[in-house]
Amino acid sequence: MRAGDERPQTFIEWVLAPLEERFPWLGSGRDEPVGGADTVDELAGLYKSLIEQRDSVSRENGDSRA
């Protein structure tokens, strides 16, 4: 596929990319033990980073609500 043929990233792909980075076991197909407290901390951090990214994009686009 040429660079010009690439399609834009969908919303789902945009959300799944950081999830797979933070939680590699999500797509591994292996049953790995996972600590609950660590998972909650990671999810809280992911939520914060997604909000910050959304607000950053809103500010760049001139949205006064961000």
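- Connection of Tyr47 to Leu16 is not established within any shared hydrophobic cluster, with ILVMFWY side chains joined at heavy-atom distances below 4.5 Å, either directly or through further cluster members.
- Note: the hydrophobic cluster containing Val15 also contains Leu46 (ILVMFWY, side chain heavy atoms under 4.5 Å, direct or indirect links).
- The CG atom of Leu43 lies 7.5 Å from the CG atom of Leu19; values are rounded to the nearest 0.5 Å.
- None of Arg54, Glu52, Glu60 except one satisfies the side-chain contact (heavy atoms from CB on, under 4.5 Å) rule with Ser56; the exception is Glu60.
- For Glu42, the side-chain hydrogen bond (donor to acceptor under 3.5 Å, both in side chains) partners two or more places apart in sequence, or in a different chain, are Arg22.
- Through direct or relayed side-chain contacts under 4.5 Å between Ile, Leu, Val, Met, Phe, Trp and Tyr, Val40 connects to no other residue.
- Remark: Ser58 OG to Ile51 CD1 distance equals 10.0 Å, nearest 0.5 Å.
- Checked against ring-ring contact (aromatic ring centres under 6.0 Å, His included), Phe11 has the following partners two or more places apart in sequence or in another chain: Trp14.
- Checked against salt bridge (charged side-chain N to carboxylate O under 4.0 Å, His left out), Glu13 has the following partners two or more places apart in sequence or in another chain: Arg7.
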